[in-house]
Amino acid sequence: WREKHPALNGSVPAVRLSIGDPKNIFSFSRESGGKKVVVVVNLCSTAQKISLQGIGSGKKGFNIFNEKEIAEDNMELSLAPWDYKVYNVD
């Protein structure tokens with residue numbers, strides 16, 4: 001994944017994002033080589049619903065592990081308890 005997504009390189013600084021409830025959601029982004037990734041982690045025992053709208057320059061996001069597009073127009077996604085997602089955001 002690091003070859004396809006230079007933003008995953010450990011030398012690139014992370015920027016903390018305010019997505020969802022900060023007590024329950026930890027999130028950050030990294031940018032490099034024209035690519036931006038967003039990491040979202042659910043830190044609690046209940047499912048969480050969040051939106052990535054406004055995070056990228058466009059309106060598309062893709063899961064970097066399975067390359068599935070975020071389906072909804074408003075870029076909402078659900079996180080199961082203790083779940084995490086990593087998205088390439090255009």
Side-chain angles (χ1 to χ4, degrees):
W1 295 300
R2 287 187 177 156
E3 294 82 25
K4 285 177 79 175
H5 303 282
L8 293 175
N9 182 326
S11 66
V12 177
V15 176
R16 179 82 193 258
L17 300 174
S18 295
I19 296 175
D21 182 348
K23 291 183 234 170
N24 297 329
I25 300 293
F26 174 73
S27 58
F28 65 91
S29 69
R30 283 183 165 167
E31 285 188 69
S32 181
K35 299 278 189 174
K36 181 175 184 176
V37 294
V38 174
V39 177
V40 184
V41 183
N42 182 359
L43 300 174
C44 71
S45 61
T46 58
Q48 301 289 308
K49 207 172 237 194
I50 61 155
S51 175
L52 295 181
Q53 187 170 19
I55 299 300
S57 59
K59 295 185 177 180
K60 290 186 179 181
F62 297 89
N63 183 311
I64 69 162
F65 300 117
N66 61 18
E67 302 205 2
K68 287 186 180 178
E69 186 173 357
I70 299 173
E72 292 84 6
D73 289 335
N74 57 4
M75 292 185 64
E76 284 190 358
L77 59 110
S78 296
L79 293 165
W82 315 113
D83 193 12
Y84 70 93
K85 307 278 185 186
V86 181
Y87 284 97
N88 178 42
V89 181
D90 293 332

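Note that the numbering runs from 1 along the sequence shown for the chain.
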Nearest heavy-atom pair of [X] and [Y]: which atoms, and what distance?
X     : Y     : result
Leu17 : Val38 : CD1-CG1, 3.8 Å
Arg16 : Pro22 : NH2-O, 4.3 Å
Gly20 : Ile50 : CA-CG2, 4.2 Å
Pro81 : Ala47 : CG-N, 3.9 Å

Exercise for the section: Just grab all the salt bridge (charged side-chain N to carboxylate O under 4.0 Å, His left out) pairs involving residues 78-88, residues at least two apart or on different chains. Expected result: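 Listed once each, the pairs are Asp83-Lys85.
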Handout entry: Under 3.5 Å: donor-acceptor pair, side chain of Asn42, backbone of Thr46
Key =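 Present.
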Handout entry: Test ring pair (Phe, Tyr, Trp, His ring centres under 6.0 Å) applied to Phe26 - qualifying residues, sequence neighbours left out
Key =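 Listed in chain order: Phe28.
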Practice task
Please check if Tyr84 and Leu43 belong to a single hydrophobic cluster, counting links between Ile, Leu, Val, Met, Phe, Trp and Tyr side chain heavy atoms closer than 4.5 Å.
Solution key: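 Same cluster.
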